[in-house]
Asker: 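Below you'll find the structure I mean.
Naming convention: chains lettered A, B, ... in sequence-line order (proteins, then strands); numbering from 1 in each chain.
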2 protein chains.
Amino acid sequence: MMETSLPPIPLISRLSIFGVGLIGGSLALALKAQGMVGEVVGVGRSPSNMQWALEHGLIDRICSDPAAAVNGAEIVVLAMPVGQMAAVMHDIAPHVRPGTLITDVGSTKQDVAALMHEYLAPHLAYCVPAHPIAGAELSGARAARADLYQARNLVLTSLAETQPAALARISAMWKACGAQVTQMSPMEHDAVFAAVSHLPHVLAYALVDMLAARDNAEELFGFAASGFRDFTRIAASSPEMWRDIALANHTALLHEMDAYLATLSALREALAQGKGADLLSAFERASTARQNWQHAHVMC
Amino acid sequence: MMETSLPPIPLISRLSIFGVGLIGGSLALALKAQGMVGEVVGVGRSPSNMQWALEHGLIDRICSDPAAAVNGAEIVVLAMPVGQMAAVMHDIAPHVRPGTLITDVGSTKQDVAALMHEYLAPHLAYCVPAHPIAGAELSGARAARADLYQARNLVLTSLAETQPAALARISAMWKACGAQVTQMSPMEHDAVFAAVSHLPHVLAYALVDMLAARDNAEELFGFAASGFRDFTRIAASSPEMWRDIALANHTALLHEMDAYLATLSALREALAQGKGADLLSAFERASTARQNWQHAHVMC
């Protein structure tokens, strides 16, 4: 037998990405870098962003028609802002062929699951909601990087209807990008990220908004230093995106805000009563936990 | 006339530093780098830290006796933890000569002013409370750097009794280290730093302590990402130091905690009622203010 020099068959013959920004664009770059995808079709609202993505090889083709974009795609990735999720699902639903996998990258998962049930009912066996945990400070195709997902967490929240083979395929796609794939229920996902992501964003927004409204805001910001800088970095995040996340995950976020208000009120009482030992205990528990976390995570 | 090759007369013939850590040690290094100080005498509790400081030229002499340490000093710098402030003032008070300048580096200023009135009453004309705004994540002489104060803020909060010449001398000392010197009243100082420093520390401690107490703390921390990392960095700070700061500045800090609890409760109500426009307004104001601040500050 002769050895052939044919390239390996890619995992995905055609991938269609709605929203070629930091998240969608980085997925395309990562899969291309691994030789895992044949053709990447991009759909997006900003012509200049799409043109840039095409010229820089993130995508192989721009498609302005949702029906055409899902035609022949093995995997459809919904990576546009979550506010467009319902409209895009509505547009593609009549054109998705049975067996085409549909996944997303949204920061909340119960709402995506509900939208899939509403708009994509015939395709639920092939729907695999997903959430890659990667930075959101930058946006647009220009911010995309082939290594964005290296050693980052990716959470899959399959539906009751999702076929195991569909789940395995999407899991393999993200593992090929270097991600550490975990599975959770949509409810567990939303509870976890309300605590470690959505709540901190609201807390940072609240502090900066409070201080910015003061008569002496300029003086205050003038004396803010590195601790303030780090604490408030996430308050520079996209207001629209975080309004959408807060509304989409309001049940879990309200629960966390109430828990935090109670925790902070207890610290306030300890301070008002001069209970230094209580303050010290809380600060020590937090400091120890934060240092342990830092030691366990290379990225710090 | 012959030109002399004598070195310039230093600004300070002898400086005595109580507490040769990050703050006191960096002051010594900065002044030595500028040729601004003749002899630096160090006083401290940790023999190994003091020996290291001596061997590495931060100080020229170790002095274990407070009376001897202030004898002949032009400037005495109180740079030990704020919890030792009263005891050190008590120990040095009988030995300070008239005209010796006394300054400190504490993060709160009304309490230091009160202690000076209590323990150093005969010397108030020469007392100049000060607060250099420099990182506190590291500690000890090994963390000291000659450039720590370059372009950093330093706040002087002179007493009603402080002589202008004393204020000018301490101001010159810090300017020689590269600091940007500002003057405020002790009350204004404590109000400003309650808002931009003390409150954020308490908020970060509260979040980490709350999550660390959960049954699923390991899972939560496992999915925390870069936003959480930055937001909670200050929660790894010294619990003892921040307990002392909170207690020392409890009036201003309680005011800020109450203001924050009200701000956060209002956001909670907006979320509970699904008022996306209110959330968006608050997030937009915060995002704009944070981005403006970032653009105005090179360190971001």
Asker: Relative to chain B, which of L207(A), T251(A), V155(A) shows the most heavy atom pairs under 4.5 Å?
Answerer: L207(A)

Asker: So, for A236(B) and Q291(A), which heavy atoms are closest and what is the spacing to 0.1 Å?
Answerer: O-NE2, 3.2 Å

Asker: Between H250(A), R285(A), R268(A), which shows the greatest number of heavy-atom pairs under 4.5 Å with chain B?
Answerer: R268(A)

Asker: Would you mind checking which part of V202(B) comes under 4.5 Å of any heavy atom in chain A, side chain (CB onward), backbone (N, CA, C, O), both or neither?
Answerer: both

Asker: E284(A) versus R243(B): any side-chain heavy-atom pair under 4.5 Å?
Answerer: no

Asker: Could you state the interatomic distance from CD (E269(A)) to CE (M257(B)), rounded to the nearest 0.5 Å?
Answerer: 9.0 Å

Asker: For T182(B), which atoms come within 4.5 Å of any heavy atom of chain A: side chain, backbone, both, or neither?
Answerer: side chain

Asker: Can you tell which of A212(B), A266(B), A259(B) has the highest number of heavy-atom pairs within less than 4.5 Å of chain A?
Answerer: A259(B)

Asker: Could you tell me which non-hydrogen atom of F221(B) sits nearest to which non-hydrogen atom of W293(A), and how far apart they are?
Answerer: O-NE1, 2.8 Å

Asker: What part of T232(B) gets closer than 4.5 Å to chain A, counting heavy atoms only: side chain, backbone, both or neither?
Answerer: both

Asker: So, do R290(A) and Y205(B) sit near enough that their side-chain heavy atoms are less than 4.5 Å apart?
Answerer: no

Asker: Flag the one option from D209(B), N292(B), V208(B), L253(B) with the top tally of heavy-atom pairs under 4.5 Å to chain A.
Answerer: D209(B)

Asker: Under 4.5 Å between any side-chain heavy atoms of H131(A) and F223(B), yes or no?
Answerer: no

Asker: Working to the nearest 0.5 angstrom, can you tell me the gap between R233(B) CZ and R233(A) CZ?
Answerer: 7.0 Å

Asker: Contact between L271(B) and L254(A) at the side-chain level, heavy atoms closer than 4.5 Å - yes or no?
Answerer: yes

Asker: Could you tell me if the side chain of L199(B) sits less than 4.5 Å from the side chain of M210(A), heavy atoms only?
Answerer: yes

Asker: Can you tell me how far apart CZ (F228(B)) and CD1 (I133(A)) are? Round to the nearest 0.5 Å.
Answerer: 14.0 Å

Asker: Side chain from CB out, backbone as N, CA, C, O: work out which of these in D258(A) comes under 4.5 Å of a heavy atom of chain B, or both, or neither.
Answerer: side chain

Asker: At a 4.5 Å cut-off on heavy atoms, which part of L211(B) comes close to chain A: side chain, backbone, both, or neither?
Answerer: side chain

Asker: Enter the distance from I234(A):CD1 to R229(B):CZ here, rounded to the nearest 0.5 Å.
Answerer: 11.0 Å

Asker: Of the listed residues (N216(A), L280(A), T263(A)), which shares the most heavy-atom pairs with chain B below a 4.5 Å separation?
Answerer: L280(A)

Asker: Quick check on E218(B) against chain A: is it the side chain, the backbone, both or neither that has a heavy atom closer than 4.5 Å?
Answerer: neither

Asker: Using a 3.5 Å distance criterion without hydrogens, assess whether the side chain of N153(A) forms a donor-acceptor pair with backbone atoms of G222(B).
Answerer: yes

Asker: To the nearest 0.5 angstrom, please state how far the CG atom of L220(A) sits from the OG atom of S197(B).
Answerer: 12.0 Å

Asker: Can you name the closest pair of heavy atoms from L279(B) and A246(A) and give their distance?
Answerer: CD1-CB, 4.2 Å

Asker: Name the region of E188(B), side chain, backbone, both or neither, that has any atom closer than 4.5 Å to a heavy atom of chain A.
Answerer: side chain

Asker: Should we count CZ of R214(B) as having more than 12 external heavy atoms under 6.0 Å?
Answerer: yes

Asker: Please examine the side chains of L261(A) and L264(B), heavy atoms only from C-beta on, and report whether any two atoms are closer than 4.5 Å.
Answerer: yes

Asker: Do you know which of A272(A), A217(A), A277(A), A213(A) has the most heavy-atom pairs under 4.5 Å to chain B?
Answerer: A272(A)

Asker: Are side-chain heavy atoms of L203(B) and Y260(A) found at a separation under 4.5 Å?
Answerer: yes

Asker: Could you tell me which of A191(A), A235(A), A289(A) has the largest number of non-hydrogen atom pairs under 4.5 Å with chain B?
Answerer: A235(A)

Asker: So which heavy atom on S287(A) is nearest to which on S237(B), and how close?
Answerer: OG-O, 3.5 Å

Asker: Looking at A206(A) and L267(B), what are the two nearest heavy atoms and their distance?
Answerer: CB-CD1, 3.8 Å

Asker: Is it the side chain or the backbone of D244(B) that comes within 4.5 Å of chain A heavy atoms, both, or neither?
Answerer: neither

Asker: Quick one: pull up CZ in R152(A) and OG in S226(B) and give me the separation to the nearest 0.5 Å.
Answerer: 6.0 Å

